[in-house]
Visitor: 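If you scroll down you'll find the structure; I have some questions about it.
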Amino acid sequence: MYVGALELDVLLGDVHSLKEKRSLVRPVLAELRRKFEVSVAEAGHQDLHRRALLGVAAVAADHAHVTEVLDRCERLVAARPELELLSARHRMLGPEDD
């Protein structure tokens, strides 16, 4: 079993409140869940209205599959015009990590 985690630090465009931030972030999280069947949450920068830290996790029997799913998640977020992807950090846990 392999567990992959992806941390996406994003800058939001013309946002002036936390309510506006939620209205941009929620649809992105829902799309990631729906398209890729991953677990996803806003995992940081909750008090900043122009930044968001999105956490994505995937579990599979195959290392390559987890990597592919997380890469596709990263590309989806990077392609969103209302977001600027500042950084992406991948982590992987596998059977050798006992």
Visitor: Side chains of Phe36 and Val56: does their closest heavy-atom pair fall under 4.5 Å?
Guide: no

Visitor: What I'd like to find out is whether the side chain of Arg80 reaches to under 4.5 Å of the side chain of Leu85, using heavy atoms alone.
Guide: no

Visitor: In Å and rounded to the nearest 0.5 Å, what is the CZ to CG distance from Arg22 to Leu29?
Guide: 12.5 Å

Visitor: Give the minimum heavy-atom separation between Gly55 and Ala43, together with the two atoms involved.
Guide: N-CB, 4.2 Å

Visitor: Checking side chain to side chain donor-acceptor pair (under 3.5 Å) between Lys21 and each of Glu42, His45, His49, which is the one that passes?
Guide: Glu42

Visitor: Does any part of the side chain of Leu53, heavy atoms only, come nearer than 4.5 Å to the side chain of Leu8, both counted from C-beta?
Guide: no

Visitor: Report the distance from atom CG of Leu76 to atom CD of Glu31, rounding to the nearest 0.5 Å.
Guide: 4.5 Å

Visitor: Contact between Asp9 and Arg51 at the side-chain level, heavy atoms closer than 4.5 Å - yes or no?
Guide: yes

Visitor: I'd like to know if the side chain of Arg50 and the backbone of Gly13 have a donor-acceptor N/O pair within less than 3.5 Å.
Guide: yes

Visitor: If we only count heavy atoms from C-beta on, is the Thr67 to Met92 side-chain gap below 4.5 Å?
Guide: yes

Visitor: State, with a plain yes or no, whether a side-chain heavy atom of Val25 is found less than 4.5 Å away from one of Val10.
Guide: no

Visitor: Distance from Cys73 atom SG to Arg33 atom CZ, nearest 0.5 Å?
Guide: 11.5 Å

Visitor: Go through it in stages, so that I can follow the logic: the residues are Arg91 and Glu7, the test is side chain to side chain contact (heavy atoms under 4.5 Å, CB included), and I'd like the CA-CA distance, side-chain angles, deciding distance and then a yes or no.
Guide: CA-CA 9 Å; Arg91 296 181 192 161; Glu7 190 177 85; 4.2 Å; yes

Visitor: Give a yes or no on this: more than 12 heavy atoms of other residues, nucleotides or ligands lie within 6.0 Å of atom CZ of Arg26.
Guide: no

Visitor: Are Val59 and Val69 joined in one hydrophobic group, where the rule is that I, L, V, M, F, W and Y side chains link up if heavy atoms are under 4.5 Å apart?
Guide: no

Visitor: Are any of the side-chain heavy atoms of Val3 and Val66 separated by less than 4.5 Å?
Guide: no

Visitor: To the nearest 0.5 Å, how far apart are OH in Tyr2 and CG in Leu93?
Guide: 10.5 Å

Visitor: What I'd like to find out is whether the side chain of Glu74 reaches to under 4.5 Å of the side chain of His90, using heavy atoms alone.
Guide: yes

Visitor: Is it true that, when you exclude Arg34 itself, more than 12 heavy atoms of the residues, nucleotides or ligands shown sit nearer than 6.0 Å to its CZ?
Guide: yes

Visitor: Let me confirm one number: the CG-CG distance from Asp47 to Leu18, rounded to the nearest 0.5 Å.
Guide: 8.0 Å

Visitor: With a cutoff of under 4.5 Å between side-chain heavy atoms, which Ile, Leu, Val, Met, Phe, Trp and Tyr residues group with Leu86?
Guide: Leu11

Visitor: Which heavy-atom pair separates Ala88 from Leu6 by the least distance, and what is that distance?
Guide: CB-CD1, 4.2 Å

Visitor: Please report the shortest heavy-atom distance between Asp14 and Glu20, naming the atom on each side.
Guide: O-OE1, 3.5 Å

